[in-house]
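Worksheet: one structure, shown below.
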Amino acid sequence: MPEPIRSLRDHLAITSDLRSAAAVLQWDQETQMPPGGVMGRATELATLTRLAHESFTSPRTGELLAAAERVAGTLDPESDDAALVRMTRRDYDRLTKLPPDFVAERAREASLSTEVWKAARKRNDFAAFQPSLQKMVDFARRTADYLGYTEHVYDALLDLYEPDMKASEVDAVFARLREVTVPFVQTIVTRGRTVDDTVLHEDYPEAQQGAFGLAVAQAFGYDLDRGRLDISAHPFASGFNAGDVRITTRYKRRDLSEAVFGIFHEAGHAMYEQGVAPELDRTPLARGASLGLHESQSRMWENIVGRSRPFWEHYLPLLRQHFPGQLRGVDVETFYRAVNRVEPSLIRTAADEVTYNLHIMLRFDLEKSLLEGRVKVADLPAAWAAKMKEYLGITPPNDADGVMQDIHWSSGSLGYFPTYSLGNVISVQLFEAARKAHPTIDEEIAHGRFATLLGWLRQNIHRHGRKFLPREILQRATGSALTLEPYLRYLQRKFGEIYGISTAGAPAAAE
Ligand code: ZN
């Protein structure tokens with residue numbers, strides 16, 4: 001390794017360690033910390049966040065980066081070293097635009113605002129949350145102003161989560177997705193056969209749910225020597241380093257899907273982080289390339305694998321060993337349909353595969369309106385209700401299960417939501433590419449074997465970490481750019497069959 005690259009790497013490891021330490025504190029806040037720790041933790045996180053930001057954006061980083069760039073021309077552009085220089089330049093040019101005071105203040109306020117949101121949501125009191133939310137929207141706007149943008153204010157924020165993606169691209173994908181989904185949901189609701197999911201709502205003790213979920217996650221390939229499962233109010237996966245990538249879940253005793261599919265989902269995120277090449281550890285490249293690619297992994301294991309018929313052919317008998325009474329006499333077909341029941345509903349995280357994206361579009365629309373100033377924070381509950389009616393045909397009975405249901409806005413994470421739907425779209429593209437390379441994948445899933453699929457993901461996605469831009473990784477892995485049509489075909493085929501309807505009524509997805 002050329003000396004200037006080594007110096008840059010050593011220096012960047014400091015930022016990486018500080019960010020990992022902050023992530024441990026955040027994990028602790030969500031899983032272990034007593035309520036009295038809120039104020040102290042907010043300042044601790046603000047300090048670590050400031051130090052990490054100052055270290056990364058320091059003139060020293062600029063000098064080392066410039067020196068590294070002088071030798072980078074002699075490197076193989078595909079090499080780790082060349083990618084490190086490239087991505088560090090990208091990050092550095094962006095993050096140096098954010099003043100350290102601003103970053104620390106934003107982190108502190110976000111930490112406090114999240115606690116305000118938790119309490120306000122419990123009491124269904126939007127008015128109590130409104131001032132905090134206003135602050136977070138202002139922070140998001142100021143962040144966008146510091147970072148700069150050419151087309152739309154939204155682009156500056158989206159780029160933080162989905163590098164190199166523009167709101168106009170999301171608009172185009174969502175317009176087509178909405179055009180197909182809204183009438184498809186209508187057809188399912190009005191003309192589809194009835195799907196009964198009462199089997200999921202028997203009494204399922206939490207301990208067995210966790211044992212089953214974790215056994216499947218391990219079979220997928222989640223390595224528990226480098227991971228663990230805990231309980232939190234809002235499930236997440238968090239990686240601190242190559243040897244420690246954790247997941248959380250929450251249990252509902254009378255809803256089997258919440259924890260079981262939640263664990264599959266978070267394990268998908270965690271396996272991505274566990275699969276990043278160890279040589280990239282302690283560099284800015286040592287994590288997933290974008291939230292969209294991250295979500296493509298979680299949704300693939302949760303839905304394409306975990307909600308498939310072949311999967312349950314193998315796993316229903318094993319689930320029955322955990323719950324013999326609850327699942328007596330339940331056959332695979334009944335269970336498969338139950339876990340794929342489609343119903344317009346209030347809560348995004350509990351939404352089925354078909355209606356899920358409508359929840360995302362609603363949030364994307366509102367975020368753009370907020371940032372453009374077309375909708376005021378005070379008017380958000382009404383705007384939310386109107387969009388719910390338009391997209392899903394239902395009206396939220398209260399704000400707790402409406403505009404206040406997600407944690408994201410409370411921490412100022414505007415620009416984040418579209419990556420969930422992009423992840424859904426990408427998941428099908430990737431799965432089809434993996435299946436094309438290895439036509440035995442479906443057969444293997446039916447026997448509880450996942451090594452071929454995971455191996456393909458490791459080789460084509462995971463190991464790269466952030467070495468390339470998400471669109472480059474997708475192109476390399478599938479041979480094409482982001483494409484919606486495979487996803488539309490997947491939805492129409494799967495749910496058309498479950499609901500016994502032809503999709504002739506809906507605008508057909510091109511073959
Ligand atoms: Zn996720």
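Read the numbers this way: they start at 1 and go in the same order the structure lists the ligands and their atoms. Counting from 1, the numbers follow the sequence of the chain as shown.
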Name all residues meeting the salt bridge (charged side-chain N to carboxylate O under 4.0 Å, His left out) criterion together with E343; count only those two or more places apart in sequence or in a different chain, and write none if there are none. R341
Just jot down the salt bridge (charged side-chain N to carboxylate O under 4.0 Å, His left out) partners of D281, sequence neighbours excluded, or say none. none
What residues form a side chain to side chain donor-acceptor pair (under 3.5 Å) with E353, not counting sequence neighbours? Y490, K494
Option among K368, K166, E367 that satisfies the side-chain hydrogen bond (donor to acceptor under 3.5 Å, both in side chains) test with Y154: E367
Assess whether a salt bridge exists between R250 and E258, defined as any Lys/Arg side-chain N lying under 4.0 Å from an Asp/Glu carboxylate O. yes
Under 4.0 Å between a side-chain nitrogen and a carboxylate oxygen: does that hold for E390 and R178? no
Sort by chain and number the protein N/O/S atoms found under 2.8 Å from the Zn ion (ligand 1). H265 NE2, H269 NE2, E295 OE1
